[in-house]
Amino acid sequence: MQAWKSPPVFTGKLWIWQYRQPKPGWRGWHVSADGQGAQAFIALIDFLRNDDASYRTLPLEPVSEALLRGIGYHQVCDRQVSKLRVAYSSELAGLELVEEGNHLQLTIRAAGYVDLLACLHRLACGEGDFVLHTYTKKGRICWHFWWPYAHKIMRLSELR
């Protein structure tokens, strides 16, 4: 029997949303995190990979107008959820993201976590404006990753 380990504490901020009427290249889920949020998400994935039977639910930050303006797409946020339930499965390959009520269910599978970790590492370093494509039973899903401090950059520019 495997000894129980305490999960890592989730700190930082994580945002996930969709736009109301996105252009074709902007369809899918949009993700941003501050440095602490990205690092905490990485630690959680590592924890779940070592405990195949577990899952954890993360709080998501409300998407603000400042965050959307900082990204610069000038579209209205259509859907956002308040929680992200993350589970790991060694059974299948890939990533699956499913909306269930007011939360998202993310299942990370054995071969799919590497690309997601790479994206989260880039966010933790302050990078943004890149896409991860995943495939599910319903087809391709695009994950758009945005600069973690886009909302702060916009506030500084508003002072000028």
Side-chain angles (χ1 to χ4, degrees), residues 8 10-50 52 54-64 67-100 102-153:
F10 186 82
T11 57
K13 297 182 183 212
L14 178 64
W15 296 268
I16 300 178
W17 72 96
Q18 288 185 320
Y19 287 107
R20 182 170 294 148
Q21 296 175 340
K23 296 175 187 172
W26 286 68
R27 292 188 180 119
W29 290 99
H30 297 261
V31 180
S32 188
D34 65 7
Q36 280 187 317
Q39 290 293 348
F41 201 172
I42 291 165
L44 177 68
I45 291 169
D46 287 337
F47 172 80
L48 293 174
R49 285 180 48 223
N50 294 314
D52 193 38
S54 68
Y55 68 88
R56 290 292 176 264
T57 302
L58 307 177
L60 297 175
E61 296 292 318
V63 175
S64 67
L67 177 70
L68 297 176
R69 279 195 314 266
I71 291 167
Y73 182 49
H74 308 294
Q75 294 291 321
V76 176
C77 174
D78 184 38
R79 294 191 312 185
Q80 60 181 316
V81 292
S82 61
K83 297 176 188 173
L84 175 66
R85 185 177 188 261
V86 184
Y88 182 84
S89 171
S90 59
E91 308 269 323
L92 301 168
L95 300 170
E96 186 169 83
L97 187 64
V98 178
E99 190 173 8
E100 294 181 358
N102 197 29
H103 75 277
L104 289 173
Q105 167 68 41
L106 172 62
T107 304
I108 302 169
R109 302 207 165 107
Y113 77 92
V114 174
D115 291 334
L116 180 58
L117 284 180
C119 291
L120 293 171
H121 278 293
R122 288 179 69 182
L123 276 181
C125 292
E127 294 182 40
D129 197 8
F130 54 92
V131 177
L132 171 64
H133 298 282
T134 60
Y135 297 87
T136 67
K137 296 173 191 169
K138 295 183 179 181
R140 186 174 83 161
I141 295 177
C142 296
W143 301 42
H144 305 265
F145 290 85
W146 296 106
W147 302 274
Y149 301 106
H151 58 291
K152 291 184 182 179
I153 292 167

Any side-chain heavy-atom pair of [X] and [Y] under 4.5 Å:
{"X": "L68", "Y": "V76", "result": "no"}
{"X": "L106", "Y": "L116", "result": "yes"}
{"X": "C142", "Y": "H144", "result": "yes"}
{"X": "V86", "Y": "T57", "result": "no"}
{"X": "W17", "Y": "L60", "result": "no"}
{"X": "D34", "Y": "L14", "result": "no"}
{"X": "Q105", "Y": "Y55", "result": "no"}
{"X": "L120", "Y": "R122", "result": "no"}

About how many Å separate [atom2] of [Y] and [atom1] of [X], when rounded to the nearest 0.5 Å?
{"X": "H30", "Y": "C77", "atom1": "NE2", "atom2": "SG", "answer": "9.5 Å"}
{"X": "Q18", "Y": "R79", "atom1": "CD", "atom2": "CZ", "answer": "4.0 Å"}
{"X": "L48", "Y": "Y88", "atom1": "CG", "atom2": "OH", "answer": "9.5 Å"}
{"X": "I16", "Y": "E99", "atom1": "CD1", "atom2": "CD", "answer": "11.0 Å"}
{"X": "I108", "Y": "S89", "atom1": "CD1", "atom2": "OG", "answer": "10.5 Å"}

**Message:** Going by salt bridge (Lys or Arg N to Asp or Glu O under 4.0 Å), name the pairs with one or both residues in residues 19-33, residues two or more places apart or in two chains.
**Reply:**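 Sorted pair list: R20-D78.
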**Asked** Knowing that exactly one of W15, W29, F130, F41 qualifies, which makes a ring pair (Phe, Tyr, Trp, His ring centres under 6.0 Å) with F145?
**Response**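 Single ring pair (Phe, Tyr, Trp, His ring centres under 6.0 Å) partner of F145 among W15, W29, F130, F41: F130.
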**Pair R85 + E100, salt bridge at N-O below 4.0 Å** =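 Looking at R85 and E100, the cut-off is not met.
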**Request:** Using the side-chain contact (heavy atoms from CB on, under 4.5 Å) rule, take L97 and T107 through it: C-alpha gap first, then chi angles, then the decisive distance, then the call.
**Result:** CA-CA 7 Å; L97 187 64; T107 304; over 6 Å; no
**Request:** Please lay out, stage by stage, how H121 and I42 fare under the test side-chain contact (heavy atoms from CB on, under 4.5 Å).
**Result:** CA-CA 8 Å; H121 278 293; I42 291 165; 3.6 Å; yes
**Output field: ring centroids W26/W146 closer than 6.0 Å** =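 Between W26 and W146, the centre distance is under 6.0 Å.
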**Message:** If you compare all heavy atoms of L123 against all heavy atoms of A33, which two are closest, and at what distance to 0.1 Å?
**Reply:**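 Between these two residues, the closest heavy atoms are CD1-N, 4.0 Å.
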**Item:** Under the ring pair (Phe, Tyr, Trp, His ring centres under 6.0 Å) test, residues paired with Y113 that sit two or more places apart
**Value:**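 If we apply the ring pair (Phe, Tyr, Trp, His ring centres under 6.0 Å) test to Y113, skipping adjacent residues, there are no hits.
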**Message:** Between Q80 and V63 (side chain of the first, backbone of the second, donor and acceptor by atom type, cut-off under 3.5 Å), is there such a pair?
**Reply:**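 Judged by distance alone, yes, a pair lies under 3.5 Å.
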